[in-house]
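Structure record follows, encoded as structure tokens.
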Amino acid sequence: MAVLFDGISQQLDFSSCDEGGSSDNSWDDCASDLSRIRSPSSVCGTPRVQRHRSRSITLSSPSFQPANPIPYAAWRKLRLCESPSTPKSLLSKSSQPCSSTKRSRSQRTLRFSSAAGNVTQSCLAPSVNVNPFTRETVCRSSELHERNRCRSDYDDDYGHRLKNNLTSSEEDDEAFLPPKKQAVQAFMLSRYESEFLELERIGTGEFGAVFKCVKRLDGCLYAIKRSRRPLAGSANEQLALKEVYAHAVLGHHPHVVRYYSAWAEDDHMIIQNEYCDGGSLYDAIMKREVQGELFSQAELKDLLLQVSLGLKYIHSSGLVHLDIKPSNIFICQRPSASAAGEGESEEEEDGGSSAGVIYKIGDLGHVTSINSPQVEEGDSRFLATEVLHEDYSHLPKADIFALGLTVLQAAGAPPLPQNGDEWHSLRTGQLPSMPQELSPPFRSLLQLLLDPDPTKRLSAKELCKHTVLREERTGRLAAQLRRELNVEKFRTAMLEKELEEARSAALSPQQSLSVGLQPITNGENTGSLPKKGRRLVGRNTARSVSFGCPGYRV
Ligand SMILES: Nc1ncnc2c1ncn2[C@@H]1O[C@H](COP(=O)(O)OP(=O)(O)OP(=O)(O)O)[C@@H](O)[C@H]1O
């Protein structure tokens, strides 16, 4: 029995089941966890199988049962937290460079991982590759290089989770599943589980839940939307399908959240989208509110311009969004200049801001066609009156109306009413009272977006060209051009000076020839000849210039 306990104690670590020690994990609990290991609903920590040379007892074998249930108190004593094989030591082992043989083996093996939250989803799934080209990886490796550390030190959640995952796969070097079982279990994994490692839940909405995931193959982050309720036959089905159809038709634009893939799983729709690391505009507004800050007018113009660019693209594709609002506009932090390279980004060419963030339109669940609309009204707080009255003749202008209200929200306007008198008065063209003074041209522009008559509202295309929005960018461009012009002027002046010097240097010997050749002796009497070692035009002009007179040179 002692031998049996010893074997178990060296293979199991329940620290991930109960970090705080408050859980009542008995053997039975953990054994049942093992049996539920592929159930997505299971959230309790899964016993972590530690790397160990002895294979006398392998927990991965479903047939394994302890001879006797282990009492709770005794069980807790079996934890390996401070033993030489604790997870800590395993982590540090994994952070050291490992041989290529080991890496390739770990990539092949299936493993148990103890990813926090939805633990069991990633169990038995393949490991995650680390993409060396992502911004995160590049930044991290340069940081590590700077600090001259030999141990990797991931300080964010992504790093931790990735690391845990990689560590787990290394632990699995001592593969405990026979090949047939591995194959069967891999087969039983869903596409979501086998292709992605779930890092955290980042949001919930009408559609369902959204998770931040890393794709095991490419090591990149994605936002994965999973519909909340089983879809077949539900009203949610249309919403999900609309989103997929719209994404597929729209393709790729810098101001529309990028779509990668979609599939159905267990009667749920799963959509793989670009992950926007700045969250939603709604989150950003809330954050500013807490900090007692407001979006500046320049930021508001930037927001309006960028979303207009996205809308222009959607509208020119014959579609309308119909649910524009702060929680459906997502933010990507702009990569630093060094990471982005020196050339202008696509956004800038398309008129976006060169500083700060990139705004992207997301959540295409209400998208419909302009010409044959099937309108599923979006959030009533942002709804234009004509849509409420089922007048669909100017649908793109309904997006413009919602965009106007979105910008007002970012400017600090009070929360919008869902209905009632206040709702109607907002639709008479009156701007709500604002906590900040907006310039008259910008205020009039916003007023124009909220005009009760949709035909008077500007189109997205007109907005993108509007001088009020362009002046910021024009000003920035002008400043940049001025800087470049100054550099060029300076360069030209330098070249002119060098040319002048070269000319006079070339002229001097001829002058000296006309007055009688003087051999160069000890450096005296050199007239206007360049001083010794002085360079002429270009970098290679330290060479002597010969005039074909032996004994005479300049
Ligand atoms: N691509 C993404 N990148 C980052 N976070 C995202 C992304 N997509 C969604 N989220 C987060 O998940 C939340 C809900 O997402 P989304 O609005 O798409 O779901 P929904 O169910 O359609 O919501 P709604 O009720 O607004 O229609 C967002 O508010 C945001 O915090």
Side-chain angles (χ1 to χ4, degrees), residues 203 205-208 210 222-228 231 234-264 268-276 280-282 306-332 350 358-384 386-388 390-406 449 454 457 459-461 463-464:
E206 187 192 334
F207 175 88
V210 185
Y222 295 94
I224 308 267
K225 289 179 82 167
R226 188 173 196 272
S227 67
R228 189 205 302 269
L231 282 170
S234 76
N236 218 11
E237 189 175 14
Q238 276 308 310
L239 209 66
L241 277 176
K242 258 192 186 181
E243 183 154 5
V244 173
Y245 292 150
H247 270 303
V249 164
L250 278 174
H252 185 204
H253 186 270
H255 297 293
V256 176
V257 172
R258 190 166 177 181
Y259 156 84
Y260 289 89
S261 180
W263 65 97
H268 291 257
M269 179 67 82
I270 299 194
I271 306 176
Q272 176 196 354
N273 281 337
E274 167 186 11
Y275 171 67
C276 300
S280 72
L281 175 63
Y282 176 80
Q306 292 197 35
V307 181
S308 300
L309 287 163
L311 279 182
K312 179 182 141 195
Y313 178 71
I314 294 174
H315 295 168
S316 66
S317 308
L319 301 173
V320 277
H321 187 277
L322 292 191
D323 202 18
I324 293 290
K325 58 179 178 177
S327 61
N328 288 338
I329 290 167
F330 297 93
I331 299 174
C332 286
D350 206 5
I358 304 169
Y359 296 102
K360 295 177 181 249
I361 301 171
D363 193 356
L364 309 187
H366 293 261
V367 167
T368 192
S369 145
I370 296 174
N371 292 328
S372 53
Q374 291 189 323
V375 175
E376 180 81 40
E377 284 166 17
D379 194 320
S380 70
R381 291 170 301 169
F382 297 84
L383 194 66
E386 70 272 10
V387 178
L388 185 71
E390 300 190 2
D391 171 6
Y392 302 146
S393 51
H394 301 285
L395 276 181
K397 300 295 180 71
D399 281 345
I400 299 296
F401 180 84
L403 176 56
L405 288 179
T406 298
L449 306 186
R457 291 175 212 148
S459 69
K461 197 174 170 186
L463 260 174
C464 296

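Just so it is clear, the values below take in all heavy atoms, side chains as well, and ignore hydrogens, waters and symmetry mates. Not measured: the values here are computed from a predicted model.
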Q. Any sub-3.5 Å donor-acceptor pair from His321's side-chain atoms to Gly362's backbone N or O?
A. yes
Q | From Lys461 atom NZ to Leu463 atom CG, the distance as rounded to the nearest 0.5 Å | A | 13.0 Å
Q) Taking atom NE2 of His315 and atom CD1 of Ile400, what is their separation to the nearest 0.5 Å? A) 6.0 Å
(Q) I'd like to know whether Ser280 forms a side chain to side chain contact (heavy atoms under 4.5 Å, CB included) with Ile331, so could you lay out the CA-CA distance, the side-chain angles of the two residues, the decisive distance to 0.1 Å, and finally the verdict. (A) CA-CA 6 Å; Ser280 72; Ile331 299 174; over 6 Å; no
Q: For Gln306 and Tyr359, indicate whether the former's side chain and the latter's backbone hold a donor-acceptor pair under 3.5 Å.
A: yes
Q. Can you find a side-chain donor-acceptor pair between Ser393 and Asp391 that sits under 3.5 Å?
A. yes
**Q.** Validation row: Val244, Met269 side chains within 4.5 angstrom (heavy atoms)
**A.** yes
Q. Is there a donor-acceptor pair under 3.5 Å between the side chain of Asp323 and the backbone N or O of Glu377?
A. no
Q. Rounded to the nearest 0.5 Å, how far does CD of Glu386 lie from CG of Leu395?
A. 8.0 Å
**Q.** Pairwise side-chain contact, Val367 with Glu243, heavy-atom cut-off 4.5 Å (strictly under)
**A.** no
Q: Could you pull out the closest heavy-atom pair between Asn273 and Tyr260, with the gap in Å?
A: C-CD1, 3.8 Å
Q. If you take all heavy atoms of Leu383 and Phe401, which pair is closest and at what distance?
A. O-CE2, 3.5 Å
Q: Supply the atom-to-atom distance Gln272 CD to Trp263 CH2, rounded to the nearest 0.5 angstrom.
A: 5.5 Å
Q. Taking it one step at a time, do Leu322 and Val375 satisfy side chain to side chain contact (heavy atoms under 4.5 Å, CB included)?
A. CA-CA 8 Å; Leu322 292 191; Val375 175; 3.9 Å; yes
Q: List the atom of Gly365, the atom of Lys242, and the distance in Å for their closest heavy-atom pair.
A: O-CD, 3.5 Å
Q | Donor-acceptor pair, side chain of Arg226 and main chain of Ile270, under 3.5 angstrom | A | no
Q) Hey, what do you get for CG (Asp379) to OG (Ser327), rounding to the nearest 0.5 Å? A) 7.0 Å
Q) Of the options Leu250, Thr368, Asp399, Leu364, which is the one that meets Leu319 in a side-chain contact (heavy atoms from CB on, under 4.5 Å)? A) Leu250
Q.
Looking at every heavy atom in both Ile361 and Leu311, which two are closest together, and how far apart are they?
A. CD1-N, 3.6 Å
Q | Nearest atoms (heavy-atom pairs only) where Leu449 meets Gly404 | A | CD1-CA, 3.9 Å
Q) Is a side-chain N or O of His255 found less than 3.5 angstrom from the main chain of Leu309, in a donor-acceptor match? A) no
Q.
Checking Tyr392 now: which residues fulfil ring-ring contact (aromatic ring centres under 6.0 Å, His included) with it, not counting sequence neighbours?
A. none
Q.
When you compare the side chain of Phe382 with that of Ile324, does any pair of heavy atoms fall below 4.5 Å?
A. no
Q: State plainly whether the residues Lys225 and Asp363 are in salt-bridge range, i.e. N to O under 4.0 Å.
A: yes
Q. Atom CZ in Arg258, atom SG in Cys276: separation rounded to 0.5 Å?
A. 12.0 Å
Q: Output, in order, the C-alpha distance, side-chain angles, deciding distance and verdict of side chain to side chain contact (heavy atoms under 4.5 Å, CB included) for Val256 and Lys360.
A: CA-CA 5 Å; Val256 176; Lys360 295 177 181 249; 6.0 Å; no
Q) Can you find a heavy atom in the side chain of Ser308 that is under 4.5 Å from one in the side chain of Leu403? A) yes
Q.
Ignoring hydrogens, what is the shortest heavy-atom contact between Cys464 and Lys312? Give both atom names and the distance.
A. SG-CD, 3.8 Å
(Q) Restricting to ring-ring contact (aromatic ring centres under 6.0 Å, His included), what partner residues turn up for Tyr275, sequence neighbours left out? (A) none
